[in-house]
Amino acid sequence: MTRQTIYFAIPVMDEKEYLPFTLDCIAKQQCNANIKIYICVNQPESCWEKKEKQIICENNQETIKLLGNYPGPDIVLVDKSSRGNGWEDKKQGVGHARKLLINRILPVSSDTDILINMDADTVFDSDYCQTILDNFKAHKNAVAIAVPYYHELVKSEPEDRSILRYEIYTRNYNLNLLRINSPYAYTALGSAIACTMKACKAVGGFDPYCSGEDFYFLQKLCKYGHILRYNESKVYPASRYSSRVPFGTGPAMHKGSLGDWKSYPVFDYSGFDLIKETYKEINKLFYEDIDNEFICFLKYIFSTDDLWSPLRKNYKTISSFTRAFHNKVDGLRIFQFLRNHQSQLGKKDERCLSDFLAQYYPDEHSYFFRNKETFSFATAPIQQLNELRDFLMQQESNYQQAVDYKLINNKHDIL
């Protein structure tokens, strides 16, 4: 029997100091599969003409030399960095790099092989690949895994405060989506997505966005099949400032260090509850229209008052209508609604988190918000923020394992 192959796809830009640690983790993998590494060193061609971008050009060229002498597993290098090879200005970014890598992998892979998307500043344990293989083996109908993640602290107070505040944002968001049993309950991290090559091919791989390509890729996979939320082995992305992409962990930390968290609010639990109430009415919606705040927002977003007649016409059973509902009301629409709802509340992030814990975890609320009137993300001790992050992570993990248990026993509630 032919062994499976695991393909690592890694976009790299200005990451010579981080990439060796990621490659070392791959070299140490102990798993029952072949491993192949595809790396795209990339940058806009215009960097060569900009004095302030020369450091990126130099770093990328040094990375290419490093890869040429790398003693570990074989690497397929895609050079989109050397002079004359860079991206055109309107076709650049990590999404283009991921798409290019997948286009190189698809012709040489089989449907049962596994694609592991990775970032060049991420580390993981030596059992990572084997846990991915075991997870897919245990869940035959799964098409992808949104792998759990954890940002290690770096013992720098500003950076640690920023990454903890960012993780509290992401974990509050995902924990509430898990709580309401949304099919889009996962965190989109480019370094934490594994999928079968069959699924990757079916959804057309990554879309070539400058940023957010991981969000849209997972969303396509979610509409195609089941995504696992839990994996025994995590990834540990670097906690560092970055401005290479418009949004994501690095830009969030950078903006947050300047006190700007507007793009990453701690969403109030009430917005998720409004979505949950709509989920409960899907069976009724199959027969007749209903109105509520969430549906009114959807009518505005889709520019129509007749959202459901086309679905009723094309999907004749409640189960098929339910799937069509979630394909239409996807992760993007959920996120847009939550942002809109949040903007109307006028509540501070600290108050939103406090209210969530008071509602669903009252004992922990009493512990973390002993002085709830004075608690601030900007001044709270790092240890307190870290404990809060870890608590949210553990609750998220509990939900993730429960969701995957339903999947393996064919008891998935929504999709």
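No hydrogens, no waters, no symmetry mates; every other heavy atom, side chains included, goes into these values.
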Tell me, with the steps shown, if Q394 and N398 meet side-chain hydrogen bond (donor to acceptor under 3.5 Å, both in side chains).
CA-CA 6 Å; Q394 185 58 56; N398 293 342; 3.0 Å; yes
Could you grab the distance from atom SG of C222 to atom CZ of F217, nearest 0.5 Å is fine?
12.5 Å
Minimum side-chain heavy-atom gap L177-F267 below 4.5 Å
no
Nearest heavy-atom contact between H226 and N141 is CD2-ND2, 3.6 Å
Using a strict cut-off of less than 4.0 Å between a Lys/Arg side-chain nitrogen and an Asp/Glu carboxylate oxygen, indicate whether R83 and E49 qualify as a salt bridge.
yes
Please evaluate residues H139 and N135 with respect to the criterion side-chain hydrogen bond (donor to acceptor under 3.5 Å, both in side chains), reporting the C-alpha separation (whole Å), side-chain torsions for both, the decisive distance (0.1 Å), and the verdict.
CA-CA 6 Å; H139 301 81; N135 213 351; 3.1 Å; yes
E288 CD: over 12 foreign heavy atoms closer than 6.0 Å
yes
Looking only at side chains, do S320 and T317 share a donor and an acceptor under 3.5 Å apart?
yes
Using every non-hydrogen atom in the two residues, find where I295 and I290 come nearest and quote the distance to one decimal.
CD1-CG1, 3.4 Å
Centroid-centroid distance, Y360 to F356, less than 6.0 Å
yes
What is the distance from atom CZ of F21 to atom OG1 of T122, rounded to the nearest 0.5 Å?
13.0 Å
Carboxylate-amine/guanidinium contact R312 D289, below 4.0 Å:
yes
Pair F377 + F375: ring centers closer than 6.0 Å:
yes
Taking atom types as modelled, find out whether D134 and Q130 have a side-chain donor-acceptor pair closer than 3.5 angstrom.
yes
For Y166 and Y264, take the angle between the two ring planes, folded into 0 to 90°, and tell me which bin it lands in: parallel under 30, tilted 30 to 60, perpendicular over 60.
perpendicular
Check against side-chain contact (heavy atoms from CB on, under 4.5 Å), V41 and M13
CA-CA 6 Å; V41 182; M13 186 174 79; over 6 Å; no
Cation-pi, Y367 ring and R370 (6.0 angstrom, 45 degrees)
yes
Using atom types as modelled and distance alone, determine if a side-chain donor or acceptor of N386 lies under 3.5 Å from a backbone N or O of I382.
no
Step by step, work out the side-chain contact (heavy atoms from CB on, under 4.5 Å) result for I132 and V147.
CA-CA 9 Å; I132 295 290; V147 179; 3.9 Å; yes
ring-ring contact (aromatic ring centres under 6.0 Å, His included) assessment of Y399 paired with Y230:
CA-CA 9 Å; Y399 269 110; Y230 181 76; over 10 Å; no
Value rounded to 0.5 Å, distance of CD1 in I6 from CD in Q29
7.5 Å
Mark yes or no: K328 above the aromatic ring of F302, with NZ or CZ under 6.0 Å from the six-membered ring centre and no more than 45 degrees from the axis.
yes
Work out which heavy atom in P11 is nearest to a heavy atom in V94; give both atom names and the distance.
CG-CG2, 3.7 Å
Determine, stepwise, if the pair H326 / Y279 fulfils ring-ring contact (aromatic ring centres under 6.0 Å, His included).
CA-CA 9 Å; H326 287 296; Y279 285 173; 4.9 Å; yes
Hey, are the side chains of Y269 and R179 touching, using non-hydrogen atoms and a 4.5 Å cut-off?
yes
Between F325 and Y315, ring centroids under 6.0 Å:
no
Using a 6.0 Å cut-off, check whether atom CD of E232 has over 12 heavy atoms from anything other than its own residue.
no
Quick check for you: to the nearest 0.5 Å, what is the distance between Y287 atom OH and F321 atom CZ?
10.5 Å
Distance, nearest 0.5 Å, that separates OH of Y38 from NZ of K36
6.0 Å
Does this structure show an ion pair linking D125 with K234, if we count only N-O contacts that are shorter than 4.0 Å?
no
So does K220 pair up with D207, basic N to acidic O under 4.0 Å?
yes
Only one of R351, R339, K347, K348 passes salt bridge (charged side-chain N to carboxylate O under 4.0 Å, His left out) with D268; say which it is.
K347
S82-N85 side chain donor-acceptor pair, cut-off 3.5 Å
no
Using only atom types and a distance under 3.5 Å, with no angle test, would you say the side chain of S366 pairs donor to acceptor with the backbone of P362?
yes
Is there a side-chain contact between I35 and C31 (heavy atoms, below 4.5 Å)?
yes
For I10 versus D119, what's the shortest heavy-atom pair and its separation?
CG2-C, 4.0 Å
Any luck finding a side-chain donor-acceptor pair between Q400 and D404 under 3.5 Å?
no
Taking the six-membered ring for Trp, are H365 and F369 ring centroids under 6.0 Å apart?
yes
Going through the checks in order, is the side-chain contact (heavy atoms from CB on, under 4.5 Å) test met by N103 and K99?
CA-CA 6 Å; N103 288 345; K99 185 173 183 63; 3.9 Å; yes
Within the 3.5 Å criterion, strictly below it, is a donor on T278 or N292 matched to an acceptor on the partner's side chain?
yes
Mind checking the OG1-CG spacing from T196 to D113? Nearest 0.5 Å is all I need.
10.0 Å
Measure from NZ or CZ of K80 to the centre of the six-membered ring of W87 and say whether it is under 6.0 Å with the direction within 45° of the ring axis.
yes
Is the shortest side-chain heavy-atom distance between L101 and V76 below 4.5 Å?
no
Does R389 make a cation-pi contact with Y150, if we ask for NZ or CZ under 6.0 Å from the ring centre and within 45° of the axis?
yes
In terms of ring plane angle, is the pair H151 and Y149 parallel, tilted or perpendicular, where the classes change at 30° and 60°?
perpendicular
Working for side-chain contact (heavy atoms from CB on, under 4.5 Å), residues R333 and I301
CA-CA 8 Å; R333 304 311 177 192; I301 286 293; 3.4 Å; yes
Between D306 and K299, does the salt bridge (charged side-chain N to carboxylate O under 4.0 Å, His left out) criterion hold? Intermediate values first, please.
CA-CA 8 Å; D306 187 18; K299 289 178 179 178; over 6 Å; no
Can you confirm if the NZ or CZ of R98 lies within 45° of the ring axis of F206 and under 6.0 Å from the centre of its six-membered ring?
yes
For the residue pair A120 and V12, what are the closest heavy atoms and their distance?
CB-CG2, 3.8 Å
Looking at side-chain heavy atoms only, is the closest gap between I114 and Y7 below 4.5 Å?
no
Looking only at atom types and distance, does a side-chain atom of Q342 sit under 3.5 Å from a main-chain N or O of P265, one as donor and one as acceptor?
no
Donor on one side chain, acceptor on other, Q401 and S397, under 3.5 Å
yes
Close side-chain approach of H96 and N42, heavy atoms under 4.5 Å:
no
So do the side chains of I334 and L338 get within less than 4.5 Å of each other, counting heavy atoms only?
yes
Shortest non-hydrogen pair, S81 vs Q61, comes out as OG-NE2, 3.5 Å
For the residue pair P44 and E88, establish whether any side-chain heavy-atom pair is separated by less than 4.5 Å.
no
